[in-house]
Amino acid sequence: MAVPAAVDLVDLALKATTAYQRPDLGTRLQHTRKRLADPAVRVLIVGEFKQGKSQLVNALVNAPVCPVDDDISTSVPTVVKHGDTPAVSIVRDHGPDDERPPERTEVPIGRLAEFVSEAGNPDNRAKLSYAEVSLPRKLLAGGLVLVDTPGVGGLGSAHGAATMSVLPSADAVLLVSDAAQEYTAPEMEFLGAAMKLCPNVACVVTKTDLYPHWRRIVELDAGHLARAGVKADILPISSTLRLHAAQTQDAALMEESGFKELIGFLLNRVVARADDLDRRSTAQDVLDVCEQMATSMKAELSAQENPEQTEALVADLTAAKTRADALRQRSARWQTTLNDGVADLIADIDYDLRDRLRAIARDAEQLLDDADPADIWDQFAEWLHQQVSAAASANFVWTAERARYLAGQVAEHFAEGAEIALPTLRFEDTVGTMGGRVGALEQPVDEKFGIGQKLFTGMRGGYGGLLMIGLATSIAGLTLLNPISIGAGLLFGGKTVRDERKRLKQRRQAESKNAVRKHIDEVTFQVSKDSRDMLRRIQRDLRDHFTVLAEEVSTSLATSVAAAQSAVKTDTNERESRIRDLRAELVRIEALGDRAKQLATQAGQVTA
């Protein structure tokens, strides 16, 4: 649920903007209020397949919501959130260009496995976006949302790339790995990339009840994290012990399961941090609004108390307004920085993607040169899909990093020593939706070379050899059919078959290479378009955010200039009354600002 103190503070500030006739500032606070109304704190459960992710979710909510079995893998994300009554919905998006709301269908909770498991919905043939499970659980009541991600194919697969693409929208990530072995290279690569997009990451080591050497595995994992420079907690747990402890109400078994530490991490480091961010951002917004409202009052108060200095005050305010108005112009430096930065970023991201895919294409062609595509096609197609998805995912991570850096550069034009709040950048699910718009790698049609074709080809070559050698030996008085000509016919026939087999292999290799080039060209076209569209959306978000900020400052300064100028026309009696009123209003605004500072201080205490 939203932080009540933050909601109350925003409501009070909204009343102030109405009373002081600043609807422009009220618009900002309305956005703040809307943000507080959505308390969801998303935690992604990620990892290789069959590592215990679904069982971990079940143990956290003490309910069999996610299907678990030795032969079941998750194929569709499952979102577990709080609800007054248990309910399950499957959700299907219409597409990124379709503005219609997602299609939601209620299903019995017992049929969830038919839609989210690899056994019931292999490779997500039903094209579902996710399944949503609502449960009345105290752990989820604070807004915690658990997302069980697909593990089919592992972190290096297209599913892993899709998971990577939604990391910026997550509040925390739990990387799940069982205690059977230490971290693998894909897991370490995923952790490094995840830390760049979502710094609140924890590592969960599952199945400690099955592996007596789990402490050694945790020690090795800690060493890998330290060498990689990844700062993340390692939480060893046993979902089986947790579920059994919940049934038997065994406190000692619950302690042994390790779930107290995990739940403490979720509540104190994830949910509490989200509340902390809500407090900080709300306090900053209210303080900014208070400063804007107080500006005109302070200007008028100064003019009322010191009429002889009004001319200098008006001159200073006018100069400040001129600078603020300059920020509103399309030729403003921040606009230039934003436009040039996005243009450069689009070029760099496009080059990075093409460079990655060209390297994959070279490796793919080398693999096809070294083997017969007919023998390795299934493994080759899976490898290529994984490599392409990983390249698109890495490109997406870099895009997100560069976009955040650009936002900071633009904010520097407004800062002037003050802290400027940056907008929440929307990173759409580029990689995750790519698979629905780019077709799978097509296997070229293989020309059959069966026994009949081999016999016919051999006879054709053998006939030529038989005739040629038979005619040559007939000069020596031998018949056309003699041991030498027959042997030559067999040799020529065998060579013709081998040459034909070699020709068909070369043809398969050439057609396979063309198929790879065509597939990579489609991926390049689609992902490049998605990246450009995403960056354009970010550009519009930044432009709108900073334009509104410039307009707010300009409006405040314009009001201050008008108030200072009108103060000159006030007579002595009215001046004293107006000074008292202004001081009283400033006290009220200062009290509102003090409440905002208190809220920010509470956030600091929670963090500590």
Side-chain angles (χ1 to χ4, degrees), residues 1-10 32-47 53 56-63 65-66 77-84 86 130 132-149 163 166-176 194-195 197-204 206 231-237 239 242 246 254 257-285 424 598-608:
M1 57 184 296
V3 180
V7 175
D8 293 342
L9 181 63
V10 172
T32 304
R33 186 68 168 80
K34 185 178 179 180
R35 185 176 69 242
L36 291 173
D38 181 16
V41 181
R42 299 182 69 211
V43 178
L44 296 188
I45 316 294
V46 303
K53 298 189 299 296
L56 169 63
V57 175
N58 293 344
L60 280 171
V61 298
N62 193 25
V65 292
C66 298
T78 303
V79 178
V80 183
K81 54 187 279 189
H82 184 266
D84 295 332
Y130 60 93
E132 185 176 280
V133 180
S134 300
L135 288 174
R137 291 292 184 272
K138 184 178 179 181
L139 177 65
L140 307 176
L144 184 66
V145 177
L146 304 174
V147 183
D148 181 21
T149 61
T163 299
V166 298
L167 284 180
S169 63
D171 295 283
V173 175
L174 297 182
L175 176 67
V176 179
M195 291 294 293
L197 296 176
C198 179
N200 202 2
V201 176
C203 302
V204 179
T206 61
K231 295 181 180 179
D233 293 345
I234 300 181
L235 305 170
I237 59 100
S239 300
R242 150 74 175 177
M254 179 68 72
S257 71
F259 267 75
K260 283 190 175 181
E261 290 76 10
L262 176 58
I263 293 174
F265 172 83
L266 293 175
L267 294 179
N268 301 326
R269 297 275 298 278
V270 179
V271 176
R273 179 173 293 185
D275 291 344
D276 171 51
L277 291 175
D278 283 341
R279 290 185 181 93
R280 288 183 181 277
S281 60
T282 300
Q284 184 63 47
D285 287 342
T424 301
Q598 274 186 339
L599 188 66
T601 302
Q602 292 173 4
Q605 292 173 347
V606 170
T607 302

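Side chains are part of it too, since the values below use all heavy atoms of this structure and drop only hydrogens, waters and symmetry mates.
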To the nearest 0.5 Å, what is the distance between [atom1] on [X] and [atom2] on [Y]?
| X | Y | atom1 | atom2 | result |
| --- | --- | --- | --- | --- |
| Arg269 | Asp233 | CZ | CG | 4.5 Å |
| Arg280 | Thr601 | CZ | OG1 | 9.0 Å |
| Leu144 | His82 | CG | NE2 | 11.0 Å |
| Leu174 | Leu146 | CG | CG | 8.0 Å |

Is a donor on one side and an acceptor on the other found under 3.5 Å between the side chain of [X] and the backbone of [Y]?
| X | Y | answer |
| --- | --- | --- |
| Ser134 | Pro86 | no |
| Asp171 | Val43 | no |
| Arg242 | Ala59 | yes |

Does any non-hydrogen side-chain atom of [Y] lie less than 4.5 Å from one of [X]?
| X | Y | answer |
| --- | --- | --- |
| Leu599 | Thr282 | yes |
| Val204 | Ile45 | no |
| Ile263 | Leu139 | yes |
| Ile237 | Thr206 | yes |
| Leu56 | Leu262 | yes |

Grab the two heavy atoms, one from [X] and one from [Y], that are nearest each other, plus how far apart they are.
| X | Y | value |
| --- | --- | --- |
| Val271 | Gly142 | CG1-O, 4.1 Å |
| Arg137 | Val61 | NE-O, 2.5 Å |
| Thr149 | Lys53 | O-CE, 3.4 Å |
| Phe265 | Ala202 | CZ-CB, 3.5 Å |
| Val270 | Ala172 | CG2-CB, 3.7 Å |

Could I get the full list of side-chain hydrogen bond (donor to acceptor under 3.5 Å, both in side chains) partners for [X], not counting sequence neighbours?
| X | result |
| --- | --- |
| Thr32 | Asp285 |
| Arg33 | Asp11 |
| Glu132 | Arg104 |

Working for side chain to side chain contact (heavy atoms under 4.5 Å, CB included), residues Val65 and Thr78: CA-CA 9 Å; Val65 292; Thr78 303; 6.0 Å; no
